[in-house]
Amino acid sequence: MSAVFVRNLIFQANNLGKTSDLLLTFNGPVPGVGDHSPVVWRVSTFGDEGPYQMKATYRSQLAFTKPQVENGNIVGAATAVQLNVGQETILTKSGNVFKFSGPVEGTAGYVKAINDAGVKEDLAIGFVTPGQLLPTPVLYFNDVGDDSNVTAQFTPRLRAYVTSDYQETEILRGEIQTPMLWEMDLAKLSETTTWNLTWDANTGHYAITQA
């Protein structure tokens, strides 16, 4: 089992020159996963003048959730379970109550959840942040069949975009229609890093560089 790590990310801008929304999401390819949708993690507006900053903290403790979805956004979870890479869990339902089994040893390098609730159910993978009761969702799986499973080899490869089309916890049903500005495997970063967001008024291009 790999040790749990924390990554504190600080995105900042000063006199950016254009009001802009910075979006963070884990929407890269995920080995072992079939049909799924990434979830918007963070969105923050940076003004055109003055200093602005967004802080985002990732913790590598993974979890499965039984998400609650309203209007295309994950608004909560009926239940959740923490598990480590190489473990699996089973979702069951008794009456109206969902429950994940305690994690047991599974496939090395992967996390897995089996749907044993009797009908199709939605599932999500997220990460656990200290002080929060429910995990932060990052990948959403719609209509997982009874006796089917979700198996994923999740790498925390975070991407950043400038776009005003989405909000936090929104399920991404298609590709983001603006260029990807930044991509980083969080496991390879120091615990705390700072990144500068800039905009070139001549070209209209954005950039993110380490401070």
Side-chain angles (χ1 to χ4, degrees), residues 4-13 20-31 33 35-46 52-77 80-83 85 111 113 122-142 150 152-197 206-208 210:
V4 173
F5 63 81
V6 173
R7 295 292 182 263
N8 301 302
L9 304 165
I10 301 169
F11 294 89
Q12 61 185 19
S20 308
D21 292 331
L22 183 65
L23 177 150
L24 304 179
T25 186
F26 298 90
N27 66 334
V30 183
V33 172
D35 187 27
H36 73 286
S37 300
V39 180
V40 176
W41 178 24
R42 294 295 306 277
V43 176
S44 185
T45 300
F46 289 70
Y52 287 83
Q53 190 178 82
M54 173 177 69
K55 295 181 179 180
T57 297
Y58 172 83
R59 185 169 178 264
S60 65
Q61 176 63 65
L62 298 179
F64 273 103
T65 73
K66 174 64 183 76
Q68 296 171 328
V69 179
E70 292 181 5
N71 300 318
N73 286 67
I74 296 180
V75 297
V81 63
Q82 297 183 28
L83 76 172
V85 174
V111 291
D122 298 345
L123 293 169
I125 294 174
F127 63 89
V128 179
T129 302
Q132 293 187 357
L133 178 63
L134 295 172
T136 299
V138 294
L139 300 176
Y140 170 74
F141 304 84
N142 184 45
V150 169
Q153 186 180 46
F154 180 71
T155 299
R157 186 173 294 278
L158 185 64
R159 292 177 172 181
Y161 301 80
V162 169
T163 175
S164 58
D165 295 336
Y166 306 96
Q167 57 186 331
E168 292 182 1
T169 75
E170 183 172 345
I171 299 166
L172 295 173
R173 300 294 188 178
E175 295 293 328
I176 295 176
Q177 299 301 310
T178 59
M180 180 177 64
L181 295 183
W182 178 89
E183 182 178 27
M184 195 65 61
D185 182 349
L186 300 186
K188 297 180 179 179
L189 294 180
S190 302
E191 182 171 337
T192 300
T193 53
T194 301
W195 305 86
N196 291 328
L197 172 66
Y206 291 89
I208 295 176
Q210 189 161 5

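Keep in mind that this is a model prediction, so the values were computed, not measured.
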| said: Within the 4.5 Å heavy-atom criterion, are R7 and L158 side-chain neighbours or not? | reply: no
| Yes or no on side-chain contact (heavy atoms from CB on, under 4.5 Å) for K55 and N8, after CA distance, side-chain angles and deciding distance? | CA-CA 7 Å; K55 295 181 179 180; N8 301 302; over 6 Å; no
| query | Is it true that a side-chain atom of S37 and a backbone atom of R173 form a donor plus acceptor pair closer than 3.5 Å? | reply | no
| task | Take I208 and L22, measure what side-chain contact (heavy atoms from CB on, under 4.5 Å) needs, and give me the verdict at the end. | result | CA-CA 11 Å; I208 295 176; L22 183 65; 4.1 Å; yes
| said: Assess the residue pair L186 and F26 against the criterion (side-chain contact (heavy atoms from CB on, under 4.5 Å)); give the C-alpha distance rounded to whole Å, side-chain angles, the decisive distance to 0.1 Å, and a yes or no. | reply: CA-CA 11 Å; L186 300 186; F26 298 90; 4.1 Å; yes
| What distance separates E170 CD from D165 CG, expressed to the nearest 0.5 Å? | 8.5 Å
| What is the distance from atom NZ of K66 to atom CG of D122, rounded to the nearest 0.5 Å? | 5.0 Å
| Where does the angle between the aromatic ring planes of Y58 and F154 fall among parallel (under 30°), tilted (30 to 60°) and perpendicular (over 60°)? | tilted
| Gap separating the OG1 atom of T163 from the CD atom of Q177, nearest 0.5 angstrom | 9.0 Å
| query | Which distance, rounded to the nearest 0.5 Å, do you find between the CD1 of I171 and the CG of L139? | reply | 11.5 Å
| remark: Separation between OH (Y206) and CG (L197), nearest 0.5 Å, reads 7.5 Å
| remark: Rounded to the nearest 0.5 angstrom, the OG1-CG distance for T169 and N73 is 4.0 Å
| query | Does Q82 reach the main-chain N or O of F127 with its side chain, forming a donor-acceptor pair under 3.5 Å? | reply | no
| message | I need the minimum non-hydrogen distance between A63 and P135, along with the two atoms involved. | response | CB-CG, 3.6 Å
| Parallel, tilted or perpendicular: which describes the rings of Y52 and F46, with under 30° parallel and over 60° perpendicular? | tilted
| said: Counting only heavy atoms from other residues, nucleotides and ligands, does the tally under 6.0 Å from CD of E175 exceed 12? | reply: no
| From CA spacing to verdict: side-chain contact (heavy atoms from CB on, under 4.5 Å), V39, V138 | CA-CA 5 Å; V39 180; V138 294; 5.5 Å; no
